[in-house]
Each structure stands twice: as C-alpha cells, then as structure tokens.
Amino acid sequence: MLRDAAVSAVIAFGLFGAMIGLKTEVGVQTIELTPRPYLVLAAVVLVFFGRLALLAWKKSRPAGTPKRGRITAVANKAGRYLTPVVLVLTITLPFYAERYYVDLGVLVLTYVMLGWGLNIVVGLAGLLDLGYVAFYAVGAYSYALIAQNFGLGFWTCLPLAGILAAFWGVLLGFPVLRLRGDYLAIVTLAFGEIIRVVILNWTSLTGGPNGLSGIPRPTLFGLVFNSSGGEGSFAEFFGIEPNISQRGIFLFYVILGLALLTNWVSLRLRRLPLGRAWEALREDEIACRALGIDVTVTKLTAFAMGACFAGFAGAFFATRQAFISPESFTFIESAIVLAIVVLGGLGSQIGVALAAVVMIGGGELFRDFQEYRMLIFGGALVIMMVVRPRGLVSGRTPSVSLGDKRHISADMMTEGHG
Amino acid sequence: MSAVLSLRGVTTFYGAVQALRGVDLDVNAGEIVTLIGANGAGKSTLMMTICGSPRARDGEILHEGTDITTMPTHEIMRRGIAQSPEGRRIFSRMTVYENLLMGAHGKPEASLKNEMEQVFTLFPRLKERLSQRGGTLSGGEQQMLAIGRALMSKPSLLLLDEPSLGLAPLVVKLIFNAIRELNRTTGLTVLLVEQNAFQALRLAHRGYVLVNGAITMAGTGADLLARPEIRAAYLEGGHG
Ligand SMILES: Nc1ncnc2c1ncn2[C@@H]1O[C@H](COP(=O)(O)OP(=O)(O)OP(=O)(O)O)[C@@H](O)[C@H]1O
Ligand SMILES: [Mg+2]
C-alpha cells in the first residue's frame, strides 16, 4: 500500500514538477522562470496521502458490495419525485430568486433544451452527433437575418428558424446515412465547423466575425419590454413600473416553454412508432432492416427533429442576446451539449436537465475560479464516469406500460452493449 | 404449384468477395423449405439478399411473380416477407412487448390484438414476460421473441436464419414444433436456414444444400436425408 502511494507520488512529481514547479513571469523584455519548489512538494504530499486514503477506503469496503445497485435504486426512486419538484421550483424561480439567478436560469434552460434536442439524435436514435451547434447557429442566424431583412417578429421567425434548421439536419443526414459511430462523429464534427466557417467568411450576409447586432427582442402579443416604458410597452399596458428585469422574467418563461415543448414532443414521439423505431435503430440496425423499418427515413427524421429544436434554441439565443457572432457557435458548444446528454444518462429526460444545471449552473458559479473551471469540469466528468458510468439517471422506462410500470435498470445490463 | 419465391442465378458480392454464385431456388406456397450448408457457405447472405441488403449483383429474385431484386428493403418487407435474422438480434434494451410492436411495421398498437394472441398461443412463455427487457431473456426465449416479432407483420413468407443456434435440444424441438404447427394451421410458407441438418430435413418438405455460394443438391427432406454424401458431410458425428 505504501509502495503504491509512493509510486503515485513519484508520478505526481513528474507531472506537476514542470507544470506547477515553474512559473513563467513576463519580464520587461524576457520571460522569466520562477521555481516554486514548495508548491510541488505540497502537491506531491497531497497525492501521496490521497492515494493512501483511497486505498484504505477501498480496503475497508468488503469486496463486491451491491453498492452500485443501491445507488441506482435510490436515484431511480428519487427520479420519480424529482421531476415534479424540479418543475415547480423552476416555474416559480422568478418569484423568489434575484435577477442574476433568473438570467442564469435562462442560460441553463437554453442548454436543457439543447440537451433534450440532441437527446433525440444521440440518446434515442443512437447517432453520435458532434456538430449539433451547427443547427443552433442556423437557427440563430435564420432568425437574425429574417428579422432584420424582412422585419418579421420573433414569434413568426421561430417556426421558420426551426424549419430551416431541420432542413439542414436532413441535408447533413443524407451523406452520413451509411455511417455509424466514430465515422459519423467525425463527419458531423466537420459539418459543424463548415457551417461556422461559412458564417465567418460570408461577410456580406452574416457580418462575418463582427456578427449581427440589433436583433429585435421578443414581444408578448405585441407588447414590448424596455426600461423606459412608453407607448405599447408591457409596463404601460399593465400600469406598472417599467423595470428591465421584466424582460428577463419574460425571456425565462419563453425558454421554459420552449424547453418543455421539446420535452413533451420527445416524450410523445417515444410512444409513437417513429420514436420506437429510433430506439430500435440505436439497438440494432440490421434487425431494423430485417423487420422492414425504413432506416433512411428513420435516421433523417431523427436528424431533422433534433436540428429543429436546436434551431428554436438558436432563435431564442439570438433574440436574448440581440447580438450574435460566430464565436458563440464553436465546437466547445457541441461538446458541452453532448456532455450534458451523456452525463444525464443517454435517453433520460430528467437526467439531461440535471446535468445541464450541474454543468452550466455549476460552471457559472465557479466563474470566480476562472483558471480552475476546466479542471473542476474535467475532474467532475471523470468522477461521474467512474461512479455512474451510465449517467446520472440511467435506465430506460418502457415506452408502453402494461399495468406494472417496471423501471429497467441499466446496471443489470452488460457494459458496452446497446 | 405456384412459387412464392424464386431465385434465378442470384449472385452476391461483398466488395470483391463473391458470396453467392448463381443460386437457383424455389419456395412454393405452403411449403417449409430448408437450406443447409457449412459455416460460411453463404446461407445468411442468401437470406439477406432476398431482403435486398446486400443487393444481388446478378440474377433475379421474384416474389409472387414480381421482381423484387432492386426494390428497397422496407418495401420488400412490406410485401409480406418477414425475417428472423441470424443471431436473433433482439432489441435488448426494449421490453418484449416493444420488441413485438417493432415487428408490426409501425401499425397502431390497438389493431394488433390478433397478431399478439397468435404469438402467445405459439409461445406462451412470451406472454409471461411481456415487460421484461429483451436482453435479459434466455437464449431460447430470445429466439421465440425473434420469431414472434417476425410474425407480427402477418407475413405470407417467413425467413428463419438458424433458429436453433446455441439452444438445448429440448428448446430446439419446441421451436421446430412451433414452426411445424404454424405451417400446418395457417399454411405459412417458411424458408429455414439451418446447421442442424438432421432436424431441419425432417421438418422440411424440401431442402437445398449450399456449398461455397452455390446449390449442389436439392430434393425432398427424406430424399436428402437418405443420401450418403449428406450423411457424411452434415449428419455424422453430431446428431443421429
Ligand atoms: N458483411 C460482410 N462483408 C464481407 N464478407 C462477408 C460479410 N458477411 C459475410 N461475408 C462472407 O461471406 C461468406 C458467406 O457468409 P454467410 O454469413 O452468408 O455464411 P453462412 O452460411 O450464413 O455461415 P454460418 O453458418 O456460419 O452462419 C463468408 O465467407 C463470409 O466471410
Ligand atoms: Mg449464417
């Protein structure tokens, strides 16, 4: 045990020696290296005792405890009561939380929606899509361009943005129909980049790196939200003090509605033959063919559906920010949304929502620790995958229940299958 | 007799590898026809080629007189052909009930009562396990589910690829009895691929022997069973 810990310490020394031990400082003309031996020592000692503690903990636990099963059972049970509680807490959020948290809520809900949208493609249909942000971008730019060039409002543009994004989803779907797994991932990744690069370089239409600004804000049946009140504003109509936080609250409910719509549609689809075909496709494509399922249509609708919701979310993003630029649609966005879906337990709706809260909400709260954010983020992901390799809420609820609604635990399944 | 399915000179390639070399085969209405052959002979390839995936490069496949050689797979399967593919290929995370629904070409649940009942009469075991996940069924139960799933579309021609794979003799008997029963009561036409040559030839009306992608022998089940070269190649040292 001691030897194991010592080995870990040596590895830690090797790793941290250069990383922590040497600090670069920018001098007047040169870059100077300052050695920091004590920090390295501290890190090594930490690793040594940490390893020791971990080993001791492992030893104290009898081998093969059914801990995994218990955690799952508790989590699944909690999951059932969690949903209504989370929903109520979310709906009432603007009544008890400060403006900062409402704005944070808007951000989190945007990712919840993206997560649920991507969940259709990745979680249900099992098509690994690394370029999801492309459709988000298409939605955002569709709204911005239509609104600016044709003077249409948010609510008219929203469906258009969704349809355009779905169209691009199908367009991407065609060339990748025959691809699976890693190959599909690479092509979708490239697709995401292509869209971004096109937006970046098509300056005459999209403004290129400068982006588009002055995107109109959404209205409530024609009532506008602004800080000055005035003719036709929300505050004037209801005879209340104009306050900028009213717009924040309005946006909050808009995205909440959109997210819930996404959730409702995916839950409904799961119960329909189409949704079941998506799941069957994820399980076994050859069996689907042998059963006469039109694999082409099934895949394309999954892409189109997922893309459509990303388009909605993109339009919302554009109207919220009033400004968009290609910087908002980089690969890291796709990665974050995918991480939310995987972390949430592929296919689980509440799991995805929780994962978005943890990843986006958590990430925002850790903003003060700027430098360590990614470290904490990565660490959390690693720990998650060790503790719950199938995501926060793993397991799949049957799409049709026959009297007894039995929950199917993922832990009973063989790993790496299905 | 009218041929439900006829293959004429069907040739299939996987890239440059030729898996079928001009196969001629007929399945008549109400028949059980078995196709036997060694590992790698091309039996599964033949079954999949009938379904259009992979596609035949040469020759033609007729179903009830219509050329289906170049038809999209899902359209072929909608003509009343169903396949229980090799290795069962159950949707392992979905329940037995959902698996059965998948076999019905997306028809609404409510209209499938009769089909469900037919499957349960054939395999009562499935009825007890409706909400169990496919992946947790035993091998025999999975095979029953695979056949049941194929029957959900009310096919007139059932393609079965090695239903006895990895099953205990008693379960094989149960499955084969079910196939015989189905054929006798509903007149379902069956094309059965089997390694288990003895049982398959006893069950089938007629049989074909596939060697290296070509048919080398054909005849009635009893006729093939009696031939010394069949006995030597497929029967000795296994069953008897
Ligand atoms: N997808 C594929 N790509 C390339 N070659 C293949 C493919 N599938 C099968 N083959 C080859 O085609 C030949 C026939 O295979 P097939 O699966 O049809 O044999 P089989 O008679 O069903 O054998 P078994 O009894 O073992 O199931 C084999 O040589 C096999 O290696
Ligand atoms: Mg085979």
Side-chain angles (χ1 to χ4, degrees), chain A residues 123-126 177-178 269-301 345-348 390-391 394-418, chain B residues 44 47-48 50-54 71-110 112 116 127 129-136 145-146 149-153 155 159-161:
Chain A
L124 287 184
L177 271 176
R178 298 163 66 90
L269 281 172
R270 261 202 71 198
R271 293 197 182 84
L272 294 178
L274 177 63
R276 228 178 274 127
W278 286 340
E279 288 199 82
L281 192 67
R282 174 194 67 198
E283 307 270 301
D284 196 323
E285 190 170 330
I286 294 182
C288 284
R289 280 184 202 282
L291 291 175
I293 294 164
D294 190 339
V295 176
T296 309
V297 167
T298 310
K299 277 190 185 178
L300 289 182
T301 46
L346 289 164
S348 157
R390 289 196 161 265
S394 53
R396 169 180 179 278
T397 326
S399 64
V400 269
S401 69
L402 301 157
D404 62 328
K405 191 159 191 168
R406 260 197 281 173
H407 198 87
I408 290 158
S409 162
D411 287 342
M412 296 194 304
M413 284 178 41
T414 43
E415 295 295 330
H417 195 81
Chain B
S44 301
M47 295 294 243
M48 292 310 286
I50 294 169
C51 300
S53 161
M71 214 177 252
T73 300
H74 65 274
E75 278 177 28
I76 296 175
M77 308 315 282
R78 259 150 229 255
R79 295 179 53 88
I81 302 179
Q83 179 172 187
S84 157
E86 182 173 30
R88 315 194 241 281
R89 297 193 173 267
I90 293 301
F91 302 119
S92 58
R93 291 177 69 180
M94 300 167 83
T95 63
V96 169
Y97 188 69
E98 287 172 314
N99 266 280
L100 288 175
L101 287 180
M102 288 316 304
H105 298 328
K107 285 202 201 91
E109 263 177 87
L112 295 168
M116 286 273 174
K127 191 168 187 174
R129 299 177 180 277
L130 272 185
S131 43
Q132 191 175 333
R133 219 155 30 78
T136 61
L145 180 55
R149 189 176 62 177
L151 289 174
M152 287 299 291
S153 64
L159 309 176
L160 293 175
D161 197 342

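Note that these values count all heavy atoms, side chains included, but never hydrogens, waters or copies made by symmetry.
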(message) Looking at B:Thr73 and B:Cys51, would you say the former's side chain and the latter's main chain have a donor-acceptor pair under 3.5 Å?
(response)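 Yes; judged by distance alone, with no hydrogens or angles, the pair exists.
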(request) Check whether any side-chain N or O of A:Glu283 sits under 3.5 Å from a backbone N or O of B:Ser92 as a donor-acceptor pair, and report yes or no. (result)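 Here the side-chain-to-backbone pair exists.
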Under the salt bridge (charged side-chain N to carboxylate O under 4.0 Å, His left out) test, which residues partner [X], sequence neighbours left out?
| X | answer |
| --- | --- |
| A:Glu279 | A:Arg270, A:Arg282, A:Arg396 |
| A:Asp284 | B:Arg89 |
| B:Lys107 | none |

(message) Salt bridge check, A:Glu285 against A:Arg289: does any charged N sit closer than 4.0 Å to a carboxylate O?
(response)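 Salt bridge: yes.
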(request) In plain terms, say whether B:Arg93 and B:Glu98 are close enough for a salt bridge, that is, a side-chain N and a carboxylate O under 4.0 Å apart. (result)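 Salt bridge absent between B:Arg93 and B:Glu98.
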(request) Select one option (side chain, backbone, both, neither) describing which atoms of B:Met152 are under 4.5 Å from chain A's heavy atoms. (result)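 When you check distances to chain A, no heavy atom of B:Met152 falls under 4.5 Å.
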(message) Please classify the contact of B:Ser53 with chain A as side chain, backbone, both or neither, using a heavy-atom distance under 4.5 Å.
(response)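 Only the side chain of B:Ser53 comes within 4.5 Å of chain A.
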(message) So which residue, B:Gln83, B:Met77, B:Met102, ends up with the most heavy-atom pairs under 4.5 Å with chain A?
(response)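 Most heavy-atom pairs within the cutoff with chain A belong to B:Met102.
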(message) Strictly less than 4.5 Å between heavy atoms, which residues of residues 293-301 of chain A line up against chain B? Please order them by number.
(response)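 Listed by number: A:Ile293, A:Asp294.
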